[in-house]
Amino acid sequence: MGRAILLATTIQGIRKATFRRQLISLVNNDFQVVVMLAMTDFDEIWQAKREFNKIDLPVDTPSVRLISLADIYADHDGVSLKADDFVDPDLSKLQEYDSHQGKMPVSRYIDKDGNIVAETLFGEGAVRLHTLYFDNNSRIIQINSYDDQDWLFGIGEYVNDTLDESLLLNAKGQLVYRFTNYIKNQKVSYNVTANSTISAPQDLTEIQDTNTKSNDEALKTYEGQGKEIFTKAISYSDYHRYDDINAFYHQVLLNMNIEDARTYIDIDNIVDASKYLPSKRIFNY
């Protein structure tokens, strides 16, 4: 019986029709399949599990194992969290309001000034999925992520409602990995015809470009600044630094003993990821 590992780094990857096709093909050919939910935005883990459960696998399909980074590093050594690594208000002293987000229960915790301090979302069986913490302007400053056993495995720290750092914890609640997001500016350009039904975004500037002409009509060229987020990681087990998240994913796969397993990677990431697996045959979805 063969083995296969599908590396899922985004929710969008799991939603792909090609992901489903590869998954069904593997189980139909008697592969033991592991889907590794490797998102470093830990609040995406519970959402990814819900997306996976929507996949209509054939009846009597052998079970597909879902694992996350928290599962892989649960027993690894770490260091104690510092007080400034996270916020931890006493919610028991706040007024609690219960409501629903769709069919999912939500508890909101309100301070004496009427501000929402925190919000906890629950899944099936009243399992806690996450707790969001807010500042006085209702901006998210932290998200705590929990597993099915109500174990806190990840802390996401936010700046201006954007994920800045993710802290991965082991089973003892110690910090094992810190993932830090950085923003890189990129130049973005669009070529738009005069009769185009889609207008260029308002934050772009039209520039003169005599090279962008077709046989029938001139193209207008617009230019602006785009942004790309890239992630670095540091291990608190051996203090190894990863300046490329794909180098970290390579280490994760090595920890899973992939020598005799097929490795599947999202085709959107295949170029960046493949350079860290030069001697490994890689498949895509």
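Remember, it's a predicted structure, so these values are computed and weren't measured experimentally.
Heavy-atom neighbours of Asp75 CG from other residues, nucleotides or ligands within 6.0 Å: at or below the threshold of 12. Remark: Phe230 CZ is packed, more than 12 non-hydrogen atoms of other residues, nucleotides or ligands lying under 6.0 Å away.
The hydrophobic cluster containing Tyr146 does not contain Leu91, counting ILVMFWY residues as joined when their side-chain heavy atoms lie under 4.5 angstrom apart, directly or transitively. Residues Met39 and Leu132 do not share a hydrophobic cluster, clusters being chains of Ile/Leu/Val/Met/Phe/Trp/Tyr side chains in contact below 4.5 Å. Residues Ile5 and Val33 are members of one and the same hydrophobic cluster, defined by side-chain heavy-atom contacts under 4.5 angstrom among Ile, Leu, Val, Met, Phe, Trp and Tyr. Both Phe52 and Val27 belong to a common hydrophobic cluster when Ile, Leu, Val, Met, Phe, Trp and Tyr are linked at side-chain heavy-atom distances under 4.5 angstrom. No continuous path of hydrophobic side-chain contacts links Ile143 to Leu152 [ILVMFWY only; heavy atoms under 4.5 Å].
Remark: Lys16 NZ to Ile267 CD1 distance equals 6.5 Å, nearest 0.5 Å. To the nearest 0.5 Å, the span separating CG on Leu7 from OH on Tyr264 amounts to 13.5 Å. Atom-to-atom distance recorded for Asn136:CG and Ile116:CD1 is 11.5 Å, nearest 0.5 angstrom. Considering CG of Leu81 and CZ of Phe86, their distance stands at 5.5 Å, rounded to 0.5 Å. Rounding to the nearest 0.5 angstrom, the gap separating the NE2 atom in His100 from the CZ atom in Phe122 is 11.0 Å.
A donor-acceptor pair is defined here as one N or O able to donate and one able to accept, closer than 3.5 Å; such a pair exists between the side chain of Tyr249 and the backbone of Ala38. For the pair Asp71 (side chain) and Ser68 (backbone), a donor-acceptor distance under 3.5 Å is present. A donor-acceptor pair is defined here as one N or O able to donate and one able to accept, closer than 3.5 Å; such a pair exists between the side chain of Asp147 and the backbone of Gln149. Remark: side-chain polar atoms of Glu44 are not paired, donor with acceptor, to backbone N or O of Thr10 under 3.5 angstrom. Judged purely by atom type and a 3.5 angstrom limit, Ser166 uses its side chain to pair as donor or acceptor with the backbone of Thr40. Under a 3.5 Å cut-off, the side chain of Asp111 and the backbone N or O of Asp113 do form a donor-acceptor pair. A distance-only check finds a donor-acceptor pair linking the side chain of Asp85 to the backbone of Lys82 [under 3.5 Å]. Remark: side-chain polar atoms of Asn170 are paired, donor with acceptor, to backbone N or O of His76 under 3.5 angstrom. Although no hydrogens or angles enter the test, the distance criterion places no donor-acceptor pair under 3.5 Å between the side chain of Gln22 and the main chain of Tyr285.
The nearest pair of heavy atoms linking Asp161 to Ile140 is OD1-N, 2.8 Å. What you find for Tyr158 and Asp41 is that their closest heavy atoms are OH-OD1, 3.9 Å. Closest of all the heavy-atom pairs between Ile155 and Phe42 is N-CD1, 4.1 Å. Closest approach of Ile270 and Phe283 over heavy atoms only: CD1-O, 4.0 Å. Nearest heavy-atom pair, Ala233 versus Tyr177, reported as atom, atom and distance to 0.1 Å: CB-CD2, 4.5 Å.
Within the 4.5 Å cutoff, no side-chain heavy atoms of Asp43 are placed close to those of Leu163. By the 4.5 Å heavy-atom criterion applied to side chains, Phe248 and Thr231 are not counted as neighbours.
Between the side chains of Ser99 and Arg108, at least one donor N or O lies within less than 3.5 Å of an accepting N or O. Between the side chains of Tyr276 and Asp244, at least one donor N or O lies within less than 3.5 Å of an accepting N or O. Side-chain atoms of Asp98 and Ser107 form a donor-acceptor pair, as typed in the model, at a separation below 3.5 Å.
Aromatic ring pairs are classed by plane angle as parallel below 30°, tilted from 30° to 60° and perpendicular above 60°; the pair His240 and Tyr242 is tilted.
For the side chain to side chain contact (heavy atoms under 4.5 Å, CB included) criterion with Arg20, the lone passing option out of Ile24, Thr18, Leu23 is Ile24.
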